[in-house]
Structures are given as C-alpha cells and as structure tokens.
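Here the structure is laid out as structure tokens; the discussion comes afterwards.
Order of the sequence lines sets the chain letters (A, B, ...), proteins ahead of strands, with each chain counted from 1.
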Amino acid sequence: MPLMLHNTLSRRKEVFKPLSPSHVGLYVCGPTVYDRAHIGNARPVIVFDVLYRLLRTLYPSVTYVRNITDVDDKINRRASESGESIETITTRTTRLFHDDIAALNVLPPDLEPRATAHIDAMIAMIEQLLTKGHAYAAEGHVLFSVPSMADYGRLSGRSMEEMIAGARVEVAPYKKNPADFVLWKPSTPDLPGWESPWGRGRPGWHIECSAMSTKYLGASFDIHGGGQDLVFPHHENEIAQSCCATGAPFAHTWVHNGHLMVEGEKMSKSLGNVLSVRDLLEQAPGEAIRLYMLSTHYHQPFDWTAEGLRQARSILDRLYTALRNVADLPVRAGVRIPIEIRAALEDDLNTPLALAHLHELTADLNRAETEGDKIWAKSSLLAAGESLGLLRLDPEAWFRWHPAGAEANALSEDAIDAAIAARRAAREAKDFAAADSIRKDLADKGVLLEDGPRGTTWKRA
RNA sequence: GGCCGGGUGGCAGAGUGGCCAUGCUGCGGACUGCAAAUCCGCCUACGUCGGUUCGAUUCCGGCCCCGGCCUCCA
C-alpha cells in the first residue's frame with residue numbers, strides 16, 4: 001500500500017511520491033511565540049508528528065522542519081503591554097511550547113529555525129524578487145506584486161477578482177494593486193528592526209517560511225503542512241514568494257488540518273473559551289489529550305469537549321489495563337507495526353481507523369492464553385502505540401496520574417498500600433463488611449481497587 | 001455575497017454499492033464473597049426528496065440544515 005495524502009493543491013487524495021526515493025522533506029508552520037500554546041495550536045503539531053513518525057518508517061531519511069516565529073507584531077504588542085523585553089517573551093514562550101508538546105509525546109523536529117536568525121536569507125529572497133520584477137519598493141516597504149504571478153491563487157482556488165473584491169482591509173496608498181502584500185516593512189526605533197537595502201525594518205508575515213524552508217529543504221521539497229486557516233493568505237503567499245524567487249516549484253504536497261471548536265463553538269478570545277495545553281494537562285494526562293485529538297480525522301473539524309476528553313481517558317484506562325496485566329512479560333524486539341494500523345495511517349493518516357484497530361489489538365491481548373501469544377500481542381500493541389505516539393508510559397505510572405495541584409489532597413501511595421493490606425486481612429478473615437468499608441473509603445478519596453488474579457491493584461479516578 | 005467542507009445509532013467517530021466498523025454509555029450472561037476489570041452476547045444509524053441499479057447510507061441531481069475561510073488566527 002502506497003502512502004496516500006490529501007493534497008490541497010489538487011483537492012484530492014494522491015499517491016505520495018517523494019522527490020528523492022531516499023529522502024523526504026517536511027515543513028510545518030510552527031508557533032508565533034507570544035503566548036502559551038492553546039489546543040488549536042496543538043492539533044497540527046500532533047497531526048504532523050504522526051505523519052513524521054510514519055514517514056520515518058517508510059523512508060531512509062526524513063528532514064522535518066518546524067519554525068519558530070519570533071518576530072511579529074503580536075509579540076511587539078505583548079512586549080509593550082507587559083514591559084518585558086521581546087527576547088524574554090519569546091524565549092520563555094518557546095520553552096513553554098516545548099514543555100507542553102513534549103507532554104503530548106510529540107517528537108522534536110529535526111530542525112527548528114527561528115525567524116530572527118534568518119533575516120539575511122529573507123532579505124536575499126526579497127532582493128531576488130525585486131530583481132525578477134515580482135516586487136517593488138515603496139515608502140520604505142517592499143511589496144510583492146501579485147499580478148506579476150500568472151497562477152497566483154491556485155492553492156486556495158481564488159481568482160484575482162475575488163481577492164480584490166474580498167479585501168476588507170483598507171488598501172495602503174503605496175500598494176499598486178490591492179492584493180499586493182508586504183515583504184518588508186519599516187520599523188520605528190522602538191520596534192525590532194534590521195538594516196536592509198530599504199532601510200531599517202522587519203520582515204512581513206509570509207517571507208520567513210519561504211526563506212527558511214528553502215534554506216533547509218531546497219527550493220522544491222515534498223510536504224508542507226499547517227492549519228487550514230493558513231491556506232489563504234499565508235501559504236498562497238509563500239508559494240508566490242518562493243516560486244517567483246527561485247523559479248522552481250515549491251512544496252509538492254500541501255496538507256492542512258481542520259479547525260478546532262470548543263463545545264460546539266468557535267474557539268476565540270472574545271468567547272473566552274480558549275483552552276491552553278497547559279490547563280488541559282492539569283485536567284488529564286498528555287496521552288489522553290493526544291488520543292482524543294487523533295480520534296477525529298485530521299481533515300475534519302474537531303469539536304473539543306470535556307466529555308470527549310473524559311472518554312479518551314477511559315479508553316486509555318482500558319489499553320493500559322491490558323498492558324498492566326502482562327507487565328511482567330518481555331517485549332519482543334523488532335516487532336513491526338501491525339499491518340492494519342500501518343494501512344490505516346498510510347491511507348491519508350486515518351487515525352480514527354488506526355485507533356479502532358488498536359482496540360482490536362487490545363482485545364487480542366486480553367484474550368491471549370499462552371505466554372507466547374501474550375508476548376506477541378503485547379509487542380504488537382506497543383508497536384502500534386508507538387506509531388501513534390501512545391502507550392509510552394509504564395502502566396502503573398498511567399494509573400497513578402492525578403491532576404496537578406491535587407497532591408495535597410491525594411492519598412499517598414504508602415497509605416494506599418496500607419489500606420490494601422488491611423483490606424486483604426479482613427477478606428482473609430471473611431470480614432467482608434470491613435473489607436468493603438475500606439474499599440468504599442478509598443473510593444471516596446479517588447482510589448479505585450480491583451481484585452485480580454495477581455492481587456489487588458489500584459488506580460486513581 | 002464568493003470559495004470550500006460536512007450532515008451516520010444515546011454520544012464520539014470510520015467506512016462501504018449487497019455481509020462486522022470501533023470506542024464510550026446502556027442492557028443480559030460468565031467470572032467474583034460483593035464489586036471492578038476482563039470475556040461472551042444484545043440494543044438504537046446512515047438529513048430530505050427524486051434518479052441510476054436486481055439492490056444505495058455508499059453513485060447522480062434538487063432541497064433543507066450546519067461549519068470553515070475571504071490578508072489577526074494552527
């Protein structure tokens with residue numbers, strides 16, 4: 001089964017063919033580091049992490065580039081509001097971003113270039129565009145001339161007329177055409193700026209991704225990803241900048257994830273329903289957030305609900321229960337990703353179907369009778385989990401998770417063990433009333449007991 | 001208004017021209033001192049109206065409804 005991906009350029013699912021059989025280049029638009037990551041930011045990070053994991057099993061070499069946007073007017077505004085320096089904000093926010101997504105089992109990309117470290121590459125690309133007549137300088141700005149590119153609008157399926165008609169912002173007087181967009185703009189002394197042929201200034205919104213993807217992956221590369229809202233204008237403009245500057249085709253396959261809603265409503269600051277990854281990590285383990293995110297196909301809109309997250313945790317309880325029951329058995333080395341999981345992922349990252357197969361593997365493990373079958377089933381389940389970035393924890397660690405900040409209220413593990421011992425004594429004495437009372441008492445404190453063939457185990461509710 | 005994507009059982013969510021998604025929940029059975037977990041089984045589906053077809057949730061068309069984007073946005 002070849003890898004199939006939905007390509008926004010063609011609007012259909014295509015067989016993925018890398019430019020080189022031995023190497024795949026993947027570029028995904030990363031965060032603008034002005035605030036903590038919210039759950040909508042996490043979606044592409046998780047989706048493309050699954051794609052990255054899959055590509056690494058299919059090709060000898062993969063280069064995954066995800067940028068950090070650390071020059072942006074939102075950052076500038078944040079700095080002037082808080083009085084902190086821009087660097088303080090971007091450094092701290094970048095660290096928080098890394099911490100948050102690591103908790104979601106997201107692998108680091110191979111390269112994570114920062115925009116401010118690549119200003120020279122951006123200036124060079126802008127100069128190329130000027131030389132080739134695709135850009136013009138005006139009043140300290142440099143603008144991309146949209147009419148200079150014949151098939152501008154191909155990715156988003158827009159005509160020039162539509163874009164001009166749809167332009168809602170006031171058209172700046174120095175624009176030759178309302179659709180032209182900024183490549184470089186002047187900075188006042190209080191704003192970050194770099195010396196350029198057009199005076200001290202800073203890059204426009206789109207040029208950094210063009211410059212950095214070209215630098216690290218070449219003028220043409222395989223896959224460019226991001227959220228659906230970036231199709232226009234960001235990705236459309238990236239294509240325009242890169243193709244016109246280099247004269248080569250840009251990314252061949254464009255993959256976009258759908259948007260995220262919260263409890264049926266658009267997530268927005270005005271509605272006050274923006275969920276930060278950090279807040280969610282205090283409500284549920286990172287793997288529950290990740291599994292929940294993967295339970296809807298990446299191309300579909302996702303409606304994030306508290307109930308859905310609770311369900312995701314229940315599902316993982318089941319998976320980890322199966323693994324806990326075979327905790328003392330070894331994992332066979334070199335077991336491949338089960339074929340049905342791989343087939344689901346190769347079919348345009350059908351993670352909901354892959355998760356359905358994960359449940360079947362779990363049932364297989366629960367039903368296995370011989371030790372050999374159990375080892376095989378356990379190894380297969382873990383290999384499948386790895387491909388999705390799930391089941392990376394020790395089962396006991398999973399069941400001991402409790403919300404952050406609840407340490408003070410949480411019963412200590414020593415106290416739990418003592419209660420279990422007392423209950424065992426009561427049961428041996430056939431004093432079931434006392435045993436049930438202990439169990440009830442623990443349950444009231446959020447600790448659930450289960451009597452199994454291997455003794456009594458517990459988990460936090 | 002323009003462009004795009006959807007409408008599946010109590011909920012979430014895949015998929016397919018004729019047979020099972022899967023999970024959560026609920027119900028019954030096995031197991032258990034009782035539970036829980038697990039296993040076995042069960043229930044409730046494909047917006048609407050037409051068309052094509054031996055047969056459509058699946059293909060085609062109309063209609064209704066929902067969502068996203070249209071230079072802040074993952």
Side-chain angles (χ1 to χ4, degrees), chain A residues 8 11 28-32 37-48 69 72-74 77 146 153 156-159 161-169 171 178-182 204-206 225-234 236-237 256-261 264-269 274 291-292 294-297 299-303 305 307-319 321-322 324-325 344 347 350-360 362-363 365-367 427 430-433 435-436 439-440 443 448-453 456-459:
Chain A
T8 306
R11 277 158 244 285
V28 174
C29 294
T32 300
H38 59 66
I39 191 62
N41 300 125
R43 190 173 191 194
V45 172
I46 292 173
V47 164
F48 291 103
T69 298
D72 180 274
D73 287 351
K74 286 193 291 290
R77 195 183 322 129
V146 168
S156 54
R158 279 153 215 265
S159 69
E161 293 71 31
E162 283 165 8
M163 280 175 292
I164 293 167
R168 295 192 300 194
V169 293
V171 178
D180 292 349
F181 58 90
V182 168
W205 179 28
H206 315 293
Q228 215 157 46
D229 55 320
L230 295 182
V231 172
F232 188 87
H234 185 55
E236 195 72 73
N237 290 351
H256 291 99
N257 62 273
H259 249 242
L260 190 136
M261 319 256 293
E265 291 187 307
K266 178 172 174 160
M267 187 170 71
S268 71
K269 290 196 172 142
V274 175
L291 182 142
Y292 184 32
L294 295 177
S295 68
T296 295
H297 187 94
H299 207 254
Q300 296 289 117
F302 189 111
D303 186 16
T305 65
E307 171 59 18
L309 181 57
R310 193 203 59 73
Q311 275 195 20
R313 211 180 147 193
S314 297
I315 289 166
L316 279 161
D317 275 345
R318 172 177 154 81
L319 304 187
T321 297
R324 176 157 72 175
N325 289 337
D347 185 12
N350 192 336
T351 53
L353 185 59
L355 288 172
H357 291 309
L358 199 68
H359 289 122
E360 285 159 4
T362 305
L365 173 56
N366 284 330
R367 278 191 294 256
R427 291 179 73 204
K430 304 285 184 197
D431 185 356
F432 294 118
D436 290 351
R439 184 169 62 195
K440 174 75 163 53
L448 304 178
L449 299 189
E450 291 169 14
D451 300 322
T456 298
T457 56
W458 60 272
K459 65 182 179 190

Considering just the side-chain nitrogens and oxygens of A/Thr321, establish if one lies under 4.0 Å of OP1 or OP2 belonging to B/A37. no

Heavy-atom nearest pair, A/Trp458 first then A/Arg324, reads O-NH1, 3.1 Å

Sugar-phosphate only, base, or nothing, as touched by A/Leu355 at under 4.0 Å among non-hydrogen atoms: nothing

When rounded to whole Å, the CG to P distance for the pair A/Leu353 and B/C20 reads 17 Å

Output a table of nitrogen or oxygen pairs between the protein and nucleotides 34-36 of chain B separated by less than 3.5 Å.
residue : atom : partner  : partner atom : Å
B/C34   : O2   : A/Arg439 : NH2          : 2.4
B/C34   : N3   : A/Arg439 : NH1          : 3.0
B/C34   : N3   : A/Arg439 : NH2          : 3.3
B/C34   : N4   : A/Asp451 : OD2          : 3.2
B/A35   : N6   : A/Asp451 : O            : 3.1
B/A35   : N1   : A/Asp451 : N            : 3.0
B/A35   : N1   : A/Asp451 : OD2          : 3.4
B/A35   : N3   : A/Arg439 : NH1          : 2.9
B/A36   : O2'  : A/Glu450 : OE2          : 3.2
B/A36   : N1   : A/Asp451 : O            : 3.1

For the student: nearest non-hydrogen atoms of A/Leu294 and A/Thr351, plus distance: O-OG1, 2.7 Å

For B/C11 and B/A35, measure between their P atoms and round to the nearest Å. 30 Å

Starting from P on B/C66, measure out to NZ on A/Lys266 and report it in whole angstrom. 17 Å

Please give the distance between the C1' atoms of B/C34 and B/A12 as a whole number of Å. 33 Å

With rounding to whole Å, what would you report as the distance between B/G29 and B/C65 at their C1' atoms? 43 Å

What's the closest nucleotide to the side chain of A/Pro352 if the choices are B/C39, B/G13, B/C72? B/G13

Per nearest nucleotide of RNA chain B, the residue lying toward the 5' end, A/Asp317 or A/Gly30, is A/Asp317

With sequence neighbours left out, write down each residue that passes side-chain hydrogen bond (donor to acceptor under 3.5 Å, both in side chains) with A/Asp180, or none if nothing qualifies. A/Tyr136

Side chain of A/Met261 (C-beta onward), nearest among B/C70, B/G68, B/C73: B/G68

For residues A/His299 and A/Asn257, determine if any side-chain heavy atom of one lies less than 4.5 Å from a side-chain heavy atom of the other. no

Kindly say whether A/Gly258 contributes a backbone atom to a donor-acceptor pair with the side chain of A/Arg43 at under 3.5 angstrom? yes

Using the P atom as the point on both nucleotides, what is the distance between B/C60 and B/G17, in whole Å? 12 Å

Between A/Asp347 and A/Asn350 (side chain of the first, backbone of the second, donor and acceptor by atom type, cut-off under 3.5 Å), is there such a pair? no

Find every protein N or O atom lying less than 3.5 Å from an N or O atom of nucleotides 5-7 of chain B, and list the pairs.
none

Within less than 4.0 Å of OP1 or OP2 of B/U38, is there a side-chain N or O belonging to A/Asn325? no

Given B/G33, B/U38, B/C72, the nucleotide with the shortest approach to the side chain of A/Phe432: B/G33

In whole angstrom, give the distance that lies between atom CD of A/Gln228 and atom P of B/C70. 11 Å

Value in whole Å for how far the C1' atom of B/U71 lies from CG of A/Asp229: 12 Å

Nearest-Å distance once atom C1' is located in both B/C20 and B/C3: 39 Å

Please give the distance between the P atoms of B/C46 and B/G50 as a whole number of Å. 16 Å

With a 4.0 Å cut-off on heavy atoms, is A/Gly308 in touch with a base, just the backbone sugar-phosphate, or nothing at all? nothing

Whole Å only: how far is the CG atom of A/Leu291 from the C1' atom of B/A12? 12 Å

Between B/G41 and B/U58 - C1' atom distance, rounded Å: 29 Å

Nearest-angstrom distance from the residue atom CG of A/Leu358 to P of B/A14: 16 Å

Looking only at the side chains, is there a donor atom on one of A/Asp72 and A/Thr32 sitting less than 3.5 Å from an acceptor on the other? no

For A/His38, which contact category applies under a 4.0 Å heavy-atom criterion: base, sugar-phosphate, or nothing? base

Can you tell me how far C1' in B/U32 sits from the matching atom in B/C39, rounded to whole Å? 13 Å

Which nucleotides of RNA chain B pair, in dot-bracket form (Watson-Crick or G-U under 3.5 Å, | meaning another strand): (((((((..(((.....[...))).(((((.......)))))....(((((..]....))))))))))))....

Establish, with yes or no, whether the OP1 or OP2 oxygen of B/C39 is under 4.0 angstrom from a side-chain nitrogen or oxygen of A/Asn366. yes

Figure out the NE2/P separation between A/His234 and B/C70, and round it to whole Å. 14 Å

Within the side chain of A/Tyr292, is there an N or O that forms a donor-acceptor pair under 3.5 Å with the backbone of A/Thr305? yes

Could you tell me whether a side-chain N or O of A/Asn41 sits under 3.5 Å from a main-chain N or O of A/His38, the two making a donor and an acceptor? yes

A/Glu450 side chain vs A/Thr457 backbone, donor-acceptor pair below 3.5 Å: no

Check for a donor-acceptor pair, side chain of A/Gln228 on one end and backbone N or O of A/His256 on the other, with a separation under 3.5 Å. no

A/Phe232 has an atom CZ; how far is it from atom P of B/C4, in whole Å? 15 Å

Return the nearest nucleotide to the side chain of A/Ala356; candidates are B/G13, B/A21, B/A74. B/A21

Base, sugar-phosphate or nothing for A/Arg43? Non-hydrogen atoms, less than 4.0 Å. nothing

Hydrogens and angles aside, do A/His357 and A/Glu360 bring a side-chain donor and acceptor to less than 3.5 Å of each other? yes

Kindly give the atom pairs (protein nitrogen or oxygen, nucleotide nitrogen or oxygen) under 3.5 Å for nucleotides 23-27 of chain B.
residue : atom : partner  : partner atom : Å
B/G23   : N2   : A/Gln311 : OE1          : 3.3
B/C24   : O2'  : A/Arg310 : NH2          : 3.4

Is there ring stacking between A/His259 and B/G68, where the centres must be under 5.5 angstrom apart and the planes under 30 degrees? no

Measure across A/Thr296 and A/Pro301 and return the closest heavy-atom pair with its distance rounded to 0.1 Å. CG2-O, 3.7 Å

Determine whether a donor-acceptor pair (N or O, by modelled atom type, separation under 3.5 Å) exists between the side chain of A/Asp303 and the backbone of A/Gly264. yes

The reported gap from CZ in A/Arg427 to CZ in A/Phe432 (rounded to nearest 0.5 angstrom) is 7.0 Å

Check: A/Phe302 ring centroid to A/His259 ring centroid under 6.0 Å: no

Taking salt bridge (Lys or Arg N to Asp or Glu O under 4.0 Å) as the test, write out the residues that go with A/Asp436, two or more places apart. A/Arg439

Would you indicate what A/Lys74 reaches in the nucleic acid, counting non-hydrogen atoms under 4.0 angstrom: base, sugar-phosphate, or nothing? sugar-phosphate

